[in-house]
Each structure stands twice: as structure tokens, then as C-alpha cells.
Amino acid sequence: MSKLGDDATTATRTLRTMWQIRRFEEAVDDLFARGLMHGTMHLSIGQEASATGTCFALRDDDAITSTHRGHGHCIAKGADLERMMAELLAKETGYCRGRGGSMHIADVATGNLGANGIVAGGIPIAAGAGLAYQLQGLDRVVVSFFGDGAANEGAFHEAVNLAAIWKLPVIFLCENNKYGMSFSTEKSFAIENIADRAVGYGIPGVTVDGNDVEAVNEVVAAAVERARNGEGPTLVESVTYRWKGHSKSDKNLYRTKEEISEWRDRDPIIRFERSVVERGVLDQAAIDAVRAQATEDIRTAVRAANAAPDARPDDLLEAVFAPATA
Amino acid sequence: MSKLGDDATTATRTLRTMWQIRRFEEAVDDLFARGLMHGTMHLSIGQEASATGTCFALRDDDAITSTHRGHGHCIAKGADLERMMAELLAKETGYCRGRGGSMHIADVATGNLGANGIVAGGIPIAAGAGLAYQLQGLDRVVVSFFGDGAANEGAFHEAVNLAAIWKLPVIFLCENNKYGMSFSTEKSFAIENIADRAVGYGIPGVTVDGNDVEAVNEVVAAAVERARNGEGPTLVESVTYRWKGHSKSDKNLYRTKEEISEWRDRDPIIRFERSVVERGVLDQAAIDAVRAQATEDIRTAVRAANAAPDARPDDLLEAVFAPATA
Amino acid sequence: MTATPTAPAGTTDQGRVITYSEAVREALAEAMSADERVFVLGEDIGVYGGAFGVTGDLYHRFGAERVRDTPISELGIVGAAVGAALAGMRPVVEIQFSDFTCQAMDQIVNQAAKIHFMLGGAAEVPMVLRAPLGSGTGAAAQHSQSLEAWFAHVPGLKVVMPATAEDAKGLLLSAIDDPNPVIVLEHKLLYRTSGPVPEGAGRVPLGKTAVRRRGRDVTIVATGVMVQRSLEAAERLAADGIDVSVIDPRTLSPLDDAPILEDVSRTGRALLVQEAPGHVGFTAEIASRIVESPAIYRLLAPIRRLSGLDVPIPYAPQLETAAVPQVDGIVDAARSLMKDS
Amino acid sequence: MTATPTAPAGTTDQGRVITYSEAVREALAEAMSADERVFVLGEDIGVYGGAFGVTGDLYHRFGAERVRDTPISELGIVGAAVGAALAGMRPVVEIQFSDFTCQAMDQIVNQAAKIHFMLGGAAEVPMVLRAPLGSGTGAAAQHSQSLEAWFAHVPGLKVVMPATAEDAKGLLLSAIDDPNPVIVLEHKLLYRTSGPVPEGAGRVPLGKTAVRRRGRDVTIVATGVMVQRSLEAAERLAADGIDVSVIDPRTLSPLDDAPILEDVSRTGRALLVQEAPGHVGFTAEIASRIVESPAIYRLLAPIRRLSGLDVPIPYAPQLETAAVPQVDGIVDAARSLMKDS
Ligand SMILES: Cc1ncc(C[n+]2csc(CCOP(=O)(O)OP(=O)(O)O)c2C)c(N)n1
Ligand SMILES: Cc1ncc(C[n+]2csc(CCOP(=O)(O)OP(=O)(O)O)c2C)c(N)n1
Ligand SMILES: [Mg+2]
Ligand SMILES: [Mg+2]
């Protein structure tokens, strides 16, 4: 299997996606800071390789379930940047018409079954989508993203077991960024690797460097192949780090500046750039162009989203139930 | 450490307890069949060694949490047979004054924190009691009984993890009787031994022959020692079998007659009897006497319970809240 | 679609009489036969046939894939149904006792009920939860609750409580058709009761209140097993010369309140009967609808709620009976309403 | 014990003014200082100080054992509190958002609330759950619910909704003293509001309704953040010559309804305000209590409930505001009540 950085086209696409995620979230951070955005936000800056490497191992018709920290997953799965930004800006043109916000972006049509405000809420849903594909005789797979903290919810346990006993085509993708809000994995687990939990369900568990987009991609691709072949689920632990606070109100009291700066030095985007330059796949000029392009992609999205009409409160009651069609 | 069958006194006590459990449940079965008992029932006939071996590894001031299939746990922990029977017969003198019935017998004073109608409901409660003892600086331990089926509830997962990270003095005692109602462990788990789930929490896991009362006792005693020493919880899987249906409405469609009769041949009581006779600790006359005594114990309990006044419906509303005392 | 059935269960002049359980099973079988997307899942619903025998032989008729036994993992199962529904299936989950919805509340309330709205209409969650509720079996506090008020309070969830065999079938079929999550709360004591379910009886629409009996003096509104008890009370009251209506909302959310308001406006007296504890229960909503409407001006007596005591359901039979309304209590309440006015 | 506080938040003539958050924190600190058995546990309540900053510096004052950070395991945490309470402790759990009680419903409802009754009185479960509820922060449908009606419907559970800083402290202290499980639902928007909390202010008894303002024309009954909004509406209505009472039940279960019935009997008009969706909400119980009592004969107009829309809470600020009652809406509803009569 070839790696994401082996050819210029794929490397460009990979890099552009990672920069789009980074720039999207920088824009969000900025809009919040300037009081132009409402609600709450959870940024995945520093974790771009995990989202990108994973989604790039999927087909378009495969599905994901995502989390409160889900912008990266959405973008990597192919979401429209303008509709995403419009949602965050509470616009009628947003993915959820302004009803959901950052924590509920979904695009069921393109296989994004939804971010989730509930920690671990998406994990059983992913198992269920996998069950649907199995029953439908399709060879689609589902990736369920969730955090280290989510692995201590009952929902994780029940869903992984269902997938294991029914050999569902699901990849449980645990993004271990060392903290569930303020609580470190050293405190919340008595084991080294969350992937070891796989033993209890009789499925493979793999720990991968989540800041290495190519490594993530390879590990997930293998798990996807297993799942597509009817061999059942895999638990993948992608070890990474979030640079920013948990959400806007975080004072980072639970971790050191040194730790943050160590991880900033392991920037997954720069790392991939270095690697493809070293391997001669892209040159610096190409890389600069990709970054500029991503920056421009986001600017365009913000501009268009800003110009869109605000979400309308007039039909709230009618929007609760889906209308009968048949 | 000496085994339960090494001396005559302990062997007698062990045997009497197992026979009391057997006779108690036979009496219950009979009362139900004759329409003299109300509600539902879950018999643990065939599992007496698991309850007895475990509780005999505990001090009086240690605690247990039990299950819907809890008569054996209660008796082995020292419950009063008459008050138990009175509860099942819906009498005012029952442990719960007729409010709880079979699934809610508790004796908080003697460390039985309660049976539970909710599968896995007692597991987090056990962790909490362990936490209380730890905070109180006591060296008490808690055993949480639960079934194989319960190990697939989120409550199991969350509670075991809490105990693991806080090194709580808890023994998670999974009575694997091969079925959660009609669903076999082959179908509900993709692993051989439920004890392997311990790996995911970083605690020891042990599988033991649950029909060998001495083996259960030894394994639990070791786990209790660990817990008392502040070394944290253990997951013990006690492999056993229930001879009777899940509850009164069970037609046993999910298992074969052969399987049942194979396991009947492994009767844990007879096995212990044979072993102590072989070792010369008790002779057949002594064994017959113990059995007769247990039979008599239950007859007395049934007679006394039957004669007790029915539970009174007059103060239901006042019984909902505990009155303020301080 | 059939017309709103208004006959009390037990009459036989409408043809075939089957049990409530059989009616549920028939609906499941018809739905599975008609639509490949429909499948049922839950604990012990396969070879065991369901804790209350409701799925019965469906496992043998439709196979282990579509009549799917699950581990004891209510949260996981309901979540799996949400996911399967999002991915194009029409799952029907059996929760063995409705008390165990407590384990699955996140997926029911935070996920299933909200997804359509939260995603701005971009997705649907066509799933059904069937869950037996109620007391009367001696199963005590953790197996006997009536939690319909909770579910009715959740926007985005439809709530159904069939009181007759015909409704058990017809409302379930409609629930399976519905593009929204629907919880069907079946009363355990009704499973073995029988009622007319004409061959080929089909859908009973959601959101349509049924008038089970029309009287002059008192409007009784009742749900679940209380419908039958109210009809029995009505017979006894009739012998006394008190002529009551018995109205069964059937769908608790969204609620069709017009037939209730109309009837109360006519009788001037309302007796609201439920098995669940009274405090913040479903009938409080009925009382409120009445007194927010012009019907308030027609009241001849204060409204009377007759509910379960505000206690957990006790085990002992005499306590259990005392904890929830019985026919005698309904008769007495109706009589005292007549005296109050 | 202090007397029932009846002053609206914000007046300063009673001495010290602190925020609602500070009041909660003060109660926790006092309880922990006075009683070794009291400890608090929850997600991010330690060095982080709580998602809403409520526990603040308690971690530094009482240490990691007694101000205990937990994994994200609501069911496990609440269950651990039940077990710790049974074993002699007095745990106070913070559920980060009250929406996540969905994860823990089994332990709250099937265990904590029922154990005392189910065991025939042989055990007590003295535990407190604190859980922030309500909308207004843009956190959308899974982080903004008001679920008090559910809890009030559970026999064996006491339910408290403090609306002022003084109550936030005093009711929490009483909840910690209580030998029963108590859920304290704190409104997020109130955390930063301030009110008089006299030095040494102590317990406010559970089960005592507070009359926040006494008026001639309309009785407004409101809970949580709606108390403050109703008091603001009252000021505006007063300018119009409409003189309203504002009554705050504070404890939703068990409910002290006498002051409400008395006031409605006097004014003849009832406006019941809650943030939660109306359908089968808490104020339906208030309406029912009124119309089951002789107060019904004193009504000059139909009762009016003003509730959140029956929708999940939306994200967009203009939608979120539209989804729940605001001061304007309360003023309009009171005015129209006056017109109706
Ligand atoms: C059931 C539930 N509990 C708690 C929360 C509050 N919460 C939101 S995110 C979060 C931390 C999640 O940690 P993790 O799963 O590691 O994901 P990360 O934020 O690190 O990406 C918490 C506690 C929630 N949203 N849902
Ligand atoms: C949460 C919950 N789900 C389902 C049930 C119904 N139920 C009671 S016992 C039981 C089987 C339990 O199996 P296991 O844990 O193996 O215990 P066993 O009965 O074999 O002793 C089931 C499904 C329940 N009581 N609680
Ligand atoms: Mg994390
Ligand atoms: Mg079992």
C-alpha cells in the first residue's frame, strides 16, 4: 500500500486538508475571541493528522461518527467549509440551519452521521450504522471517533462489545490526547495503552502515533480492510495532543506550559511537510502554495458564511418531527 | 492458608451453608409451584459453592452487593433465614417489610448492601462502598456479585475502572453461569474468559471453577488480601451453572437437556461432600446430619415466616422518605 | 387505514378475537414481511420468545438476523438502533421492562429524539422502542414503573400507550411507519387480555384520541390498563345511574386534546386516571389543557386526578394493589365528583 | 435555621452580596468543614474548578480525596455515591450538565430514590446531586435541557431548584443534611448573578415555597431563572397598574402548595412560568393542584402556562431566545390574563 506522502497529488490533498482544519479552527478561535461567535467550541488544533489520516483511509460511501471536537473529522470527510462555518455563525445556510452549532454538524448524505455533544454518544450509533450496512449486504465501514475520556463511558463498552460479537464493520478510533477535559489519562486509566482494552472484547487493538498522518492512515487502512472483509471491528488508539484549552473557558491549570510546548514542537502538519520535502515529493514552493490555498479556502468560507442570512426562528415547532412521506 | 474442607468445624459450616441455600431455594420453588408465593424468583441451585466460597473469605464487617439471583449470597453472608423467607412471603417481618421481595433483600447492618433487580446495578454501588471504607480509613472490603450478562452493561465498565484507578478494596465476582437469561456467553462475548476483561482496567483477573467451593474460597481470599492491603480490586470469574430456568417462566429452549444433566453431575455440594469424606474430615453420618439440619433450618424458617403477619399497606406514603434525625 | 376503534376490548361481534400479545406480534410480522428494512432486536426476544412471550415464534419465522438477540446492554442496543435508523433501517427495539429505559436515556432522549431537529432536518431516526410498563406482577419497584410522563415531556419523541389489542397492533404499525422515534409503552397486564382485531386490521393513526364510551355525567380520561378498569367502573356506575365517558388518549405525545375538551365541556366533570404516581404525571397535562381552555367555564366540580400513590411499587400483593388505582377507587372517585357538584 | 428569604436577588440592604456560584461553594465548604463524611466528586471539579467554576478553590482547601475528580462515567460516579452513602458517607456529586443525568438515570431513579422504601426502611441514601440546567449559553440541545419534571415525578427523590444566591446556599446545606437523595438543579445563567447572603446565613428548609412578591391581580408561579424574569416582569407590569405576586416553589418535590393555592384564591389568576417545554412539565402539576382545590372556584380567568416551546433547545442565539420565555413574554401573558377576565 502506498503512503499518503508517496505521490504529489495525494500529498497535496493531505496537506491541504490538514491546513484547512488548522485554518478553520484558527478562524473560529479568532471569531470567538472577537465576540462574533456564540456558544462554545472545542478546537482540535494539533490533532489534524489523526482526523486526516483516518478519513483518508475511507471511501466516500463509508461513514463516520464524530465528537464535540469534530471540525477536523468533518473537513477530512469532505464537508463543505462554507456550510460548516455558516453553522457556527448561526446561519440559515449552515449544515443544521443554525439549530445544532459546532457540536452537531453532520452530513448524513456524505456519510458524516454527526458530531455529538455527548461524550461517547456516537459510539453506539456507529455500531448501529455498521449493523445496518451488514444487514444491507453492503461493504461499507464506519469509523467512530471518540476521545480518551469517552473510553470510560459505559456507551463505549457496550458498543464495542456489540460490534465484536456481531463482527460489525466498525473502526473504533480513540483519539487519545492525554486529557478528558482536565483529567489526565494517567489518572483516568490504570493501563498504559487504551488499545489494550481491545483484549476484553476479543478484537485487535493498535496504538499509533496520531501525529504521523501516514502512520495513522496505514493503521486505519488495515482496520478498514479487516472490517470490509467481514472480520469485524478494530480498536485504534491514535496518540495526539490538543494545543488549545478544552473549550473557551479553559485556564490550562491541569497541565504545564512545557508539556504544551513540547507537543507544539511535534506539529503534525510541519512533520508531514518536512517528510515530503525530504522525500522529494513536494518542494517548499508547492508547500507554501498549499498553505496559502487552505488559508484562502477558509477566508472564502468565512466571507460567504458571514454574508448568509441568519437562522430563522419562525418554524421551530414544525421542525421537531420529520413529516410523514410514504 | 487452610482450605474450607481441612477441618471438621469449617467443613460442617461450609456444608451446612450450601445445604441451607439449596433447601431454601427448593422450598421457594415449591411454594411458587403451589401458588403460595407471589412475584418472580431466580434460583441459584447449582451455584451454591460460588456464593459460599466467596462469602466465607470475608469478615463479618466486610460488605457485599448482590443480584436478582441473590438468595445464596445473602445466606452465605449470614442472613436470617426466617426474615428472608418472610420477605418472600410478603410478611411484615421480612427484611424489607414485604416492600422488596426476593430481588431486594438486604441487611445493611450485616454488610449485605442489597440484592438488585437491575442487572449490574450493584456494581457501581460496591465501588462506592469501597470508596467509603477507603475514605474512612477502614480495612473493610466489598464483594460485588454479578452475572456474566451483567459484564456487558456499561455499569460494569465504569465501576471497575473507578475501582482500578482509585485502588478501591473491591472484589468483582462474576458468576459466569453461561447464560444471561437465554443468551449464552458464546454469543454475548467474543472472548473465552470474562476474567480477561481485567486487562483493560489494569487489574488482576482470575478464572476459577465456581463449583469447587474451596477453590473459590482460595481465589477470593487472595483477592481480599490484596484489597485489604490497599493494592486494589480484582476481577474473579467463577464458572458455574444454574440448574433451574432463569425465572419461573423459563421453558429452557435455549439449552439442551444434556447440558443441564452434565452440570447436575457436577453438583458442587456433593463434590465437597465427597472430598471431605475422602480426606477423612467428615464421615457420612456427619454429612447426613448436616443435611438434615439444613433441611430442618429451612422448615423452621418457612413455618415461622408463614405464621408472621402480612405486610401492612397502611403506611406506604410515610415510608418513601427517611425521616430527618439530626 | 382503519377507523378509530371505539369498542371496549372483549366484545366479539367484530370478528376475530386475539390477545394483545398476539396483536403486537402480528404487527411485527406484517411489518417485517412488508419491509426488508424492519428488524427487531432486544434481550431474549429470539429463541426464548421474549420475557413476556411477545415475539414468540418470530425468530423461527424471520431468522436470527432480523429477530436479533442482544447482550444485556440497553444503552448500546438503543444506540445501535439509532445508528441503524440513520443508515436506512427501521429497527424495533424491545426493552425488556420499561424501567430499563433508564439505562438508555441518553440514546433515547439526547440522541434519537433530538437528531432530526438538531441537524436542521437533514436526518431522520425512524425507530421504535417497545417497552412493557406497569405494576401488578409482583416484580417490585425496579420492574413495575410507569414512566410515560418522562417520555411525553421530551420534544421529538412520540409516545404511545395502547389499551386494546386492536390498538396494540394498529398503533405499532403506525409507529414503525413513522419517520420519527416512537416509544410504545405496552402494559404487562394487558398482554394476556383479548380483544377484537378484525382480519387484516391495519394501522391506527398516531395522535388520535379514542372515545371508548360516551356518557352524560363525568368524563373519565385514562391510559393503559386504566382504560379497561375505567370501563369496568363505568358499568358499575351506570347501575347507580351515573353515566360516564371513558376517553383514551392513546398517543400521549403529540396529544390530541380536542375530544377530551369537548367531552368535559359537555359533562362538566373530569376524572383523570393513571397508574403512575400523581406528582407531575401525565394527567396533570390533561388537567392543565382543560383549565387553559374554555372548558374551564363548564366545570361543575373541581377536576379530580386519581393516580398511583407517590411511592415506589411495593412487592407484597396487598401493598401493590393499594399503590395504584383499582376499579373500586375509580367508582368512588366518580361518585364523589358527582357529590361535589 | 434562617427564615424563608423573600427578597428578590440583587437588593443589598441585607448585608453581604455574593454570587450564586460563591454561595454554592460556600455551602460545600461549610458542609465539608463541619462533617468529615461530606465529600464532593465529579468531572473536572478539582484543579479545573468545575466546568462552571463552582467548586473553584475547594480542591486546594480540602484536597484531592474530598474534592475528587472522576473519569467521564456518570453512571459509575452516581452509583459510587449511592454506595458511599449506604456505607456512611455523605457524597455530593456534580453532574457537569444536568443533561448527563441521562447517563445515570438507573442509579438515580432505580437505586438511590428507591432503596430506602424498597428495603423497608432499613437503609438510607443521604446523597446530593448538583446539576446545572437550562439554556441561554448557546450550548444547544444536548447541553441545555430543563429536566426537573422527570425528577419530580420520581417518588423517593427530593428536587430543589434554587433561584437566588441565598437559596443556592441554604437549600444545598439542607440537602446535604437530608437523609434522602436530593437533586439540586442550579441554573447556569444564575451562577454569575448576585444576591444578599448574610454572613453566617444557614439552612433554608426543603419543602417550603417562597413568596417573592405579593400582588393583587395575578399569581405568577415560576422556577429557576424564571423567578428573576418574573420579578422583572412584575416591575414592568406594576408600571401598567397590574400588581402581581411572584411565587417560587423552590422545592419541587415534595411540593409545598399551600402558599400557591392561597395566593391564587386571592388573585383569581394564575400564570405559571417555566423554561422547560410545556407538555407534561412541572407547572402542569401546579395547575392541577389549583383546579383540584377550592381555589378553582375563585378563578377569574383560565389558568395560563407559559413554558418553553416543545422543541429541543436550538443553537442560534435568536432561536434559543425564542424557544424559552423571556421577560416580554411574561408581561404579555399577564396582561392577556387580565384581559381574559
Ligand atoms: C456524557 C458527557 N459527560 C461529560 C461531558 C462534558 N465534556 C465534554 S467534552 C469532555 C471531555 C472529553 O474528553 P475526551 O473524550 O478525551 O475528548 P477530548 O475533549 O479530549 O477531545 C467532557 C467531560 C459531555 N459532553 N458528555
Ligand atoms: C438492566 C437490566 N436489564 C435486563 C434485565 C432483565 N434480566 C434480569 S436477570 C437477566 C439475566 C442476567 O444474566 P446474568 O447477569 O448472567 O445473571 P444470571 O441471571 O445468569 O445469574 C436479565 C436479562 C434487568 N433486570 N436489568
Ligand atoms: Mg481527550
Ligand atoms: Mg448468567
Side-chain angles (χ1 to χ4, degrees), chain C residues 75 99-103 105-111 113-114 117-118 140-142 145 147-156 252-255 272 276-297 299 301-305 309-312 314-315, chain D residues 75 99-103 105-111 113-114 117-118 140-142 145 147-156 252-255 272 276-297 299 301-305 309-312 314-315:
Chain C
L75 180 60
D99 311 73
F100 314 151
T101 56
C102 282
Q103 266 74 355
M105 286 305 265
D106 180 62
Q107 288 291 336
I108 301 172
V109 173
N110 288 332
Q111 313 292 343
K114 296 186 170 57
F117 180 93
M118 210 158 54
Q142 294 173 331
Q145 289 164 93
L147 299 171
E148 69 276 8
W150 287 2
F151 298 112
H153 189 51
V154 177
L252 278 56
S253 182
L255 175 67
L272 314 178
H279 195 57
V280 198
F282 172 71
T283 51
E285 179 66 27
I286 304 282
S288 301
R289 298 274 180 119
I290 295 170
V291 299
E292 286 174 328
S293 82
I296 191 175
Y297 297 118
L299 288 175
I303 291 177
R304 176 76 198 276
R305 288 182 295 168
L309 297 180
D310 285 317
V311 305
Y315 162 70
Chain D
L75 179 60
D99 311 73
F100 314 152
T101 56
C102 282
Q103 267 74 356
M105 284 307 262
D106 179 62
Q107 288 291 336
I108 300 172
V109 173
N110 289 332
Q111 313 292 344
K114 296 186 170 58
F117 180 93
M118 211 157 55
Q142 294 173 330
Q145 289 164 91
L147 300 172
E148 68 277 7
W150 287 1
F151 298 111
H153 189 52
V154 178
L252 277 56
S253 182
L255 175 66
L272 314 178
H279 194 58
V280 199
F282 172 71
T283 51
E285 178 65 28
I286 304 282
S288 301
R289 298 273 181 120
I290 295 169
V291 298
E292 286 175 326
S293 81
I296 191 176
Y297 298 118
L299 288 175
I303 291 177
R304 177 76 199 276
R305 287 181 297 167
L309 298 180
D310 285 319
V311 306
Y315 163 69

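Here is the naming used below: chain letters follow the sequence lines, and residue numbers restart at 1 for every chain.
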Visitor: Picking from D:Ala287, D:Gly156, D:Ala152, D:Pro254, which has the most non-hydrogen pairs under 4.5 angstrom with chain C?
Guide: D:Ala152
Visitor: Need one label for C:Phe100: side chain, backbone, both or neither, based on atoms under 4.5 Å from any heavy atom in chain D.
Guide: neither
Visitor: Got a second to check how far D:Leu255's CG is from C:Asp310's CG, nearest 0.5 Å?
Guide: 10.5 Å
Visitor: Is it the backbone or the side chain of C:Gln107 that comes under 4.5 Å from a heavy atom of chain D, or both, or neither?
Guide: neither
Visitor: Do you know which of D:Pro314, D:Ala113, D:Ala295, D:Ala284 has the most heavy-atom pairs under 4.5 Å to chain C?
Guide: D:Ala284
Visitor: If you count heavy-atom pairs under 4.5 Å between each of C:Gln142, C:Glu292, C:Arg289, C:Met118 and chain D, which one has the most?
Guide: C:Glu292
Visitor: Taking side chain as everything from C-beta outward and backbone as N, CA, C, O, which of these in D:Tyr297 sits under 4.5 Å from a heavy atom of chain C? Side chain, backbone, both or neither.
Guide: side chain
Visitor: Using every non-hydrogen atom in the two residues, find where D:Ile303 and C:Ile296 come nearest and quote the distance to one decimal.
Guide: N-CD1, 4.4 Å
Visitor: Show your working on side chain to side chain donor-acceptor pair (under 3.5 Å) between D:Gln103 and C:Asn110 and close with a plain yes or no.
Guide: CA-CA 10 Å; D:Gln103 267 74 356; C:Asn110 288 332; 4.5 Å; no
Visitor: Based on non-hydrogen pairs under 4.5 Å, which of C:Ala140, C:Ala276, C:Gly278, C:Pro277 is most in contact with chain D?
Guide: C:Pro277
Visitor: Counting only non-hydrogen atoms closer than 4.5 Å, does C:Val109 touch chain D with its backbone (N, CA, C, O), its side chain (CB onward), both, or neither?
Guide: side chain
Visitor: Sequence neighbours left out, what passes salt bridge (Lys or Arg N to Asp or Glu O under 4.0 Å) with C:Arg304? Give chain and number order.
Guide: none
Visitor: Short question: side chain of C:His153, backbone of D:Phe282 - any donor-acceptor pair under 3.5 Å?
Guide: no
Visitor: Chain C heavy atoms under 4.5 Å from D:Leu299: which part of the residue, side chain, backbone, both or neither?
Guide: side chain
Visitor: If I compare all heavy atoms of C:Lys114 with all of D:Ala141, which pair ends up nearest, and what's the gap?
Guide: CE-O, 3.1 Å
Visitor: Testing the basics here: between D:His279 and C:Leu252, what is the closest heavy-atom pair and its distance to 0.1 Å?
Guide: NE2-O, 2.8 Å
